[in-house]
S.K.: 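Next up is a structure, given as structure tokens.
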Amino acid sequence: MSLLEVENLTTYYKLKEGYVRACENVNLKLEKGEALGLVGESASGKTTAALSLVKLLPDNAEVRAGKISIEGRDISRAMEDELRRIRWKEIAIIFQGAMNALNPVRRVGDQIVEALRIHEKMPEKEACLRTAELFEQVEIDPDRVREYPHEFSGGMRQRVMIAMAVACNPKIVIGDEPTTALDVMVQAQVLQLLEKLRRELQMGMILITHDLSVVGETCDRVAVMYAGRIVETGPTEKVFENPAHPYTRALIAAFPNIEGKRYLAQSIPGNPPNLLNPPAGCRFHERCSQIIGPCSEKDPTAVEVSTGHMASCHLLGRL
Amino acid sequence: MDINNRGDEQLELLKVSNLEVHFAARQGFLSSLLNKQPKQVRAVDGLDFSIRKGEILCLAGESGSGKTTTGKAILRLVEPTGGEVCFKGEDVIAFNRQRLRRFRQEAQIIFQDPYESLNPRQTVFSTVAEPLEVNRICKNNEQIEERVIEALTDAGLSNPQELFLRYPHELSGGQRQRLAIAGALVVKPDFIMADEPVSMLDLSIRAGILKLMVDLRDQKGISYLFITHDLSLAWLVSDRIAIMYLGKIVELGSADTVIRQPLHPYTRALVSVIPVLKRVMPSDKKLLQGETPDPVNIPTGCRFHPRCPEAQSRCREEEPLYREVMPGHYGACHFI
Amino acid sequence: MPSSVYSKDNLRLLKKNLRSFWDIYRQNTMGLIGLCILCFFTLLAFLGPRLVDVTTYVVDGVTQTMHPPVSGYWLGTDNLGRDILAGVVIGTQVSLLVGVAAATISMTIGTVIGIVAGFYGKLADKLLMRFTDVFLVIPWLPLVLAMAALLGPSLGNIIFVIGITSWAGTARIIRSQTLSVKERPYVERARAIGSSGTHIMLRHILPNVFPLIYANTILVAAIAILSETTLSFLGMGDPTRISWGMMLHYAYEMGAVISRAWWWLLPPGICVVLVVLGFTFIGFALDEVLNPKLRRRDR
Amino acid sequence: MNMRLYLLSKFSQAVVTIFIVLIINFFLFRVMPGDPVRVLIRSPRISAETLARLRERFGLDESLLTQFWVYLRDLFTLDLGSSFNYRQPVLDVILERVPATLLLVGTATLLSIVLGISLGVLLAWKRGTRIDVGGLALSLILYAMPTFWVGIIMLMVFAVYWNIFPLWGMGVPGAIYQTFWAELLSRLHHLFLPVLTFTLILVGEYALIMRSSLLEVLHEDYMLTARAKGVSATELLRRHALPNALLPMVTLIAINLGFIIGGAIQIETVFSWPGLGRLMFSALTDRDYPVLQGLFLFITICVILANLGADIIYRYIDPRVKA
Amino acid sequence: GCPAPVAVEDERHTLRVGAVDELEGLNPHLVWSMLGYEVMLLNYNMLITWDEELNPAPALAKSWSVDEEGTLWTFNLEEGVLWHDGTPFTAEDVKFTFEYIRDNELGYFLDPVAGMEEITAVDEHTLTIKTDQPLAWMPGIIVPILPKHIWAEIDPEYAGTDFANENPVGTGPFQVVEFVRGQYVRLEANENYFRGAPGIDEVIFIQFANADLMVEALKKGDIDVAVEVPGASLKALEEAADPNIVTLDADSPSFSQLGFNVWVDDAESEGNPLLLDRNIRVAIEHAMNRQEIIAVAHDGFGTPGSTLIPPFHDFWHFNPGAELRAYDPAKAAEILEGAGYTLGNDGIRVSPAGEPLSFDLIARSESVESQQAATLIKDMLAEVGIEITVTVIDEGTLTDRLPEGDFDMFLWGWFTEVDPTSILRVKTTAELMSWNETFYSNPVYDELHLRQQRTMDREERQQLVHEMQRIIYEDVPYIIYSNDPELMAYRTDRFEGWVRNPPGGPVIYQVSGSIRTYEELRPLER
Ligand SMILES: Nc1ncnc2c1ncn2[C@@H]1O[C@H](COP(=O)(O)OP(=O)(O)OP(=O)(O)O)[C@@H](O)[C@H]1O
Ligand SMILES: Nc1ncnc2c1ncn2[C@@H]1O[C@H](COP(=O)(O)OP(=O)(O)OP(=O)(O)O)[C@@H](O)[C@H]1O
Ligand SMILES: [Mg+2]
Ligand SMILES: [Mg+2]
């Protein structure tokens, strides 16, 4: 029984022009203590997938299908009340851009205390102590609990978010681009902190990013998303060393690797498809250099390339 | 494509010496009355470097280290408070209005965010044609059109006429950045300052833009000041890299040497955290504590000493000299 | 190859812009309602005098005075036996004229001050904004009343006074938008290619604050119409022109309230409410359509 | 910038604004038509000497600049001149009317703020529903109605047709009440219609602003964080959304004071409420310039001070503002 | 519906008077509104008052006599009169009052005392006044008598400008005890009033912002009498025929006129010089339908006017009879045609020099009636080819513009005093730039004016006064289009004893200061 299992998750956004197929047939699996990286270009549906897990979607979103279970318990039909209990206690989320993710007019400490009081039913005093403890854990001076978000730098704010996320010892932490917009150095610091906490607390973690290297350095397994679909999943090393999907291959090739040769790769021609009106068949086929007959007609099915390494490409079926 | 060190040693296009840009810290009228000495943001605090003809010099460093300010000061988009900028042997700071106008055609600029750097209410055509119109470069409309088409084609946009009447929001990210480049190319500049030109673009599109820039250098001999905080990118495209910390260059050298054999402890730390596509032992990362301090209160002595893992007492008191450590490789640290 | 982007394609561009604007605007119910209301009143202003016999708005000494609505006098008569329906129709022109003209004046002043202050900054900004602040805090109605009394009651003066006193809000909004547009890289780029300040203001800043100006002008027009009504009611209106405000003024002065002459009080008032509502709806809709991301934050 | 400096700078800004208002105030009324002395005396049968003497007495023979200087000097001793109409110090005339206006404006403002905010919150919370659409339409209609017109309609309906509220005034003139309760009842009875009208006029705008302010806040990322934390809906509103959404209201309410004064003029006129608004109106028709000038200044300074207050409160309640 | 909770009625009998004026203050030198004057009349007394025939009647002066030359007047004053503060009233007070006003040029009351050469308090209750010449209007010195012991302390300059006189001490039947600015003024009966304590306990004048509210208050019984009732409301009241309400269309010595700018000084006058041609003025009068103006603009209240002194003062009024320039547009056109003003293409006549007959007509923003009249006149004159542009300005501005000659025509009116002198003086050359707003100047008229003032014989004086009116009518600086009544209404269910003085006149706000109603009102026994 996996910690988290997602099957066929499909979420659309309703617009006047039609439906944005932001996330289709997404299958994910997360084991206890494992880190899963979800990579993809912008607008590939990463955030949508993550928010669908805890039903924090915008008003115009519709979850069309999908089964989500935590430790075997199906939560896809949970009501708002139950979801509220699940949120944070079982699945916590660290959002992109902590500046906006923290309430600007409330003290940072209070915002953590709030979570503790809701879920752990802790009395005020105890919650405060625990907050100070958490601050120490994320390497911030505990005296700063009474400050406001604007008094913190970007990296510090992200640490506060992390402290808040782990406050209730959740089983799963979802990090939605937690390090984007941070300096490399600070990014490295934050990632290291996350890594440390994950080990200490044995949490499952889903790390959403468009930066391949972040996944490479911190995740056990990776899922690559393209235009609302997962095109390839597998253990990080396997996928990076031996990418099976042409998109993944191109992506990895485009990554500047200082350990390799100074070489400017070819970029992928064209643009990601419009999700309001995605192409039939494989969503990548318009930009793919190796198309064959069925690519533009049929959706490819996932094929196991090696153990735990799956990819959805018609070419693979051929092999 | 392999990229080798480029640039004619003899032909120094741009030379910057001891450049300083200090801003008066934002202050109310009253507090400026009360505090005799207004606080200063020392955004750029004494830079020396030069760019050769046909060279890409990369300015790298953390956020707030003064990269953008340096670039703008060179183009006189902010007024330097000290130092010299020589362009083709002429003192840019001393340019009068007319000469400055001409200079503005010789030196161009490309920004980070292709969404923000294009006027959303200007069509593709008028975006590119604007520099020509402003400077009255062309005699007639036909000539303008010719030049516009040429620039758009050079920037890798095929079928430029079809794009003429589009607005930026009707273009994709890559197209947009190409449009911005076309807007710079149209006046046939010798020098382009590119401020993080690809950091907002997806990985899959980035390479194309970078390649375009390099190609233009090769074909037209355009020199670049390439600003980025991404060292792997810097390494990839540039001939030489300068690493900035708090308004000063701490190290400057050819791209390969700076990345492969960094001298300065700061550079070493930066290089150690460059992302690679594999798991790295945490111990291999030389993580620095904290973030770049505020340029209002620059530490005494070596400005890096509070975060330096190798700091000694000397660093606290004495500011290290910026000197040529090895041929073509400059650094500012007491211990290199 | 198009012979010139400068000539025939401009028309194409305009058409395209209008079409895409209309495509979005069409989706906005509120905006459509507003547009319908305004169209109705504009038509009424121009065609009304042909459809309704406005010559019945005279004192003939024969028509029954203060008569409730009857056939022929669909909205009844006032204390002098004038047909109220005819009055309402005639009043439409004046009210719309005041709204549009005053809003134009106000917009022009506000835009110029806002852009100049925002663009040049420093001392110019400080001075202009202090000045604007003064106009913003001076209680508006007393100022307008005083100025109207000073200039004397004529339609031109009323338009002038309303226009000259209602620009402060516009100036502030335009200024803050200018400040933000000014910092955009494309303005920096314009500077980098050697554009002059005037060029930047006209080519880059103005087009980008224009959506705000549109929406704001429309909202100011609504306020101007309300203001004219209020001024007229308070006796500062132009007694030689019939506007809805003047009708209400006479109604109030001539005891319509006590005489329960609801037919005299309601129609002009409802017209004012409708027109103001129409303008406001359009203003809000434009704001939504043209400035989708615009966040209105005070200070 | 620290608080004291902030206060000082805001205060100095307010002083500069007041000074500009003083200049406008002085010169606007100097160019008003009419010879003040003639208005003062109202009898044309007056010898040239007497006229000259009066001119001298009021300093009207001096240069404008000197007059301005004298005007400033007098202001410092709270001397706003003397009413042409009432032959009383202007300040006394004004202060006499303040309580009436304060009662009316205060009650209505308080009521409308409370109601407007509640309505705005309700609409934002129910956004997109029928309640929202209806409430929005209602608010916009209230916003679009001329103040005086609402007053007139109220009068016609409640005081004429139904005859359940008095037509005018703040009380029965010259009445001597036997008990406190009788007086209170009579006062409330008179207060009801004007306050109702005023509240209606103001509530629409407050509701609109509150609604959009709250909607904006509801879309902020930190609201998502709070929801992700499992905060319940009511807590979300109370502890996260409202504190942020109320911030712009503080400034708005202060800025709106100028508008409220305009409303007061109309409402006091329609309901014969003996306050500042009616004083201003009658001063205008009687061309009682000293009173007009004084009122103008008085009201403007009140508005400026209210804005200053709002700035300070804003600074106090919004931790982000760093001036 | 449920009635408004009225203040609990105590035992006092309070007369509530509704007014639309705002009471400007209590200083007699500074009052100018009707209400202010009325309050002053109740608080103070004059030497004389007027009886039903508008002849002088005793007030503070019991009797009076004059010497042969008509320049030395002797007044015998009432004895035992006390000021409100209990101090006895003496001749010294009268002497002081007259001298105080005369020497300090104080406001309205200057005219009657200006010609007094010597004032002597012969004893406590006898006063003689020596005038520089015989004055026909004597003894009508309508000046409130002030207590010396209070006013002597007051700097005259202050008295004439700022003095609020908050606690006015007089000898009148009532004394102001409470004054709430803009709302009401309350006067309490003077128990020691020398003509006997009034029958009511107090009078409250309530100020309404709007005449309709006042009428409504009268209907509801919140007030007992309403003055300056608008015509339409009075009509409505008449129709409602409430048995407890009496409406009065009372005679009043006022009229409305159209004034022309006839200033001959071309350099100074900013009026249209065409109006200097009497033909045009005459034609305009012929073109004006007075009946219709009264019917429409004045709601039918009033009678067509003609000469300067209204028929109210029938002794002094001059009736032009057959000479009256009646409504006759054909004749108007004929006159214009005859004077060379031919019709242009646009229907507007032009002078031989080519100037169009196009004039401004100023109406007053305070008076809707004047605006309506102006609109009517505009239409009427258009019929005969004269174009009128109506402008509306406030009375204050108009007051300023008139002495500057900056107008063509305007509409305004006069309220005439009992004695004809003051209204006649209005058209004298001496009043140019002052009351004489039309810049009419005629030496013959001026001479007549001096003569009539000195003519002590009433019949002889009447001839002179008639001749003056004839001259004015002949020269047409004014077109007096209506004689206006005073419209008021009062309730009869609380008080009785309403006196109309003169018989066709009003019950309060009586001509030149009779306060008989207040003195004689008695509460009705219920
Ligand atoms: N509320 C919404 N209404 C309509 N479309 C939406 C909405 N939110 C997101 N989308 C669309 O859904 C698609 C997926 O968006 P999503 O935010 O999940 O992408 P992402 O992978 O997280 O991108 P990024 O890396 O930029 O954060 C995009 O095309 C986006 O435009
Ligand atoms: N106009 C200005 N006034 C005052 N301070 C400024 C101004 N412009 C820049 N600074 C300050 O100067 C410092 C350097 O800014 P600069 O933009 O050059 O940094 P950067 O290296 O480009 O950073 P980033 O990577 O974030 O773009 C910063 O601390 C910034 O706050
Ligand atoms: Mg995302
Ligand atoms: Mg930068």
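Order of the sequence lines fixes the chain letters, A, B, ..., with proteins taken first and strands second; residue numbering starts at 1 for each chain. Only a predicted model underlies this, so the values are computations on that prediction, with no experimental measurement involved.
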S.K.: side-chain contact (heavy atoms from CB on, under 4.5 Å), that's the test. Do A:Met185 and B:His229 meet it? Break it down for me.
M.R.: CA-CA 10 Å; A:Met185 188 60 68; B:His229 58 256; over 6 Å; no

S.K.: Please lay out, stage by stage, how B:Asp230 and A:Val184 fare under the test side-chain contact (heavy atoms from CB on, under 4.5 Å).
M.R.: CA-CA 8 Å; B:Asp230 185 342; A:Val184 261; 5.9 Å; no

S.K.: Between A:Asn274 and chain B, which part of the residue has a heavy atom less than 4.5 Å away: side chain, backbone, both or neither?
M.R.: neither

S.K.: Is it the side chain or the backbone of A:Asn271 that comes within 4.5 Å of chain B heavy atoms, both, or neither?
M.R.: side chain

S.K.: Looking at A:Ala250, A:Pro272, A:Pro269, A:Cys219, which makes the most heavy-atom pairs under 4.5 Å with chain B?
M.R.: A:Cys219

S.K.: To the closest 0.5 Å, what do you measure between CG (A:Asp183) and OG (B:Ser65)?
M.R.: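 Interatomic distance, A:Asp183 CG to B:Ser65 OG, rounded to 0.5 Å: 8.0 Å.
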
S.K.: Which atoms of B:Arg260 are under 4.5 Å from chain A, going by heavy atoms: the side chain, the backbone, both sets, or neither?
M.R.: side chain

S.K.: Evaluate the criterion side-chain contact (heavy atoms from CB on, under 4.5 Å) for residue pair A:Glu217 and B:Val276; output intermediate values, then yes/no.
M.R.: CA-CA 7 Å; A:Glu217 292 186 13; B:Val276 286; 4.3 Å; yes

S.K.: What's the shortest heavy-atom distance between B:Leu287 and A:Gln192, and which atoms?
M.R.: CD1-OE1, 2.7 Å

S.K.: To the nearest 0.5 Å, tell me how far B:Leu203 CG sits from A:Ile252 CD1.
M.R.: 10.0 Å

S.K.: Begin with the C-alpha distance, continue with both residues' side-chain angles, and end with the deciding distance and a verdict on side-chain hydrogen bond (donor to acceptor under 3.5 Å, both in side chains) for B:Asp202 and A:Ser42.
M.R.: CA-CA 7 Å; B:Asp202 270 327; A:Ser42 45; 3.2 Å; yes

S.K.: Taking side chain as everything from C-beta outward and backbone as N, CA, C, O, which of these in A:Thr218 sits under 4.5 Å from a heavy atom of chain B? Side chain, backbone, both or neither.
M.R.: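 For A:Thr218, backbone heavy atoms alone lie under 4.5 Å from chain B.
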
S.K.: Which one of A:Ala188, A:Ala253, A:Gly270 has the most heavy-atom pairs closer than 4.5 Å to chain B?
M.R.: A:Ala188

S.K.: Quick check on the structure: residues of residues 193-201 of chain A within a heavy-atom distance below 4.5 Å of chain B, by number.
M.R.: A:Glu195, A:Arg199

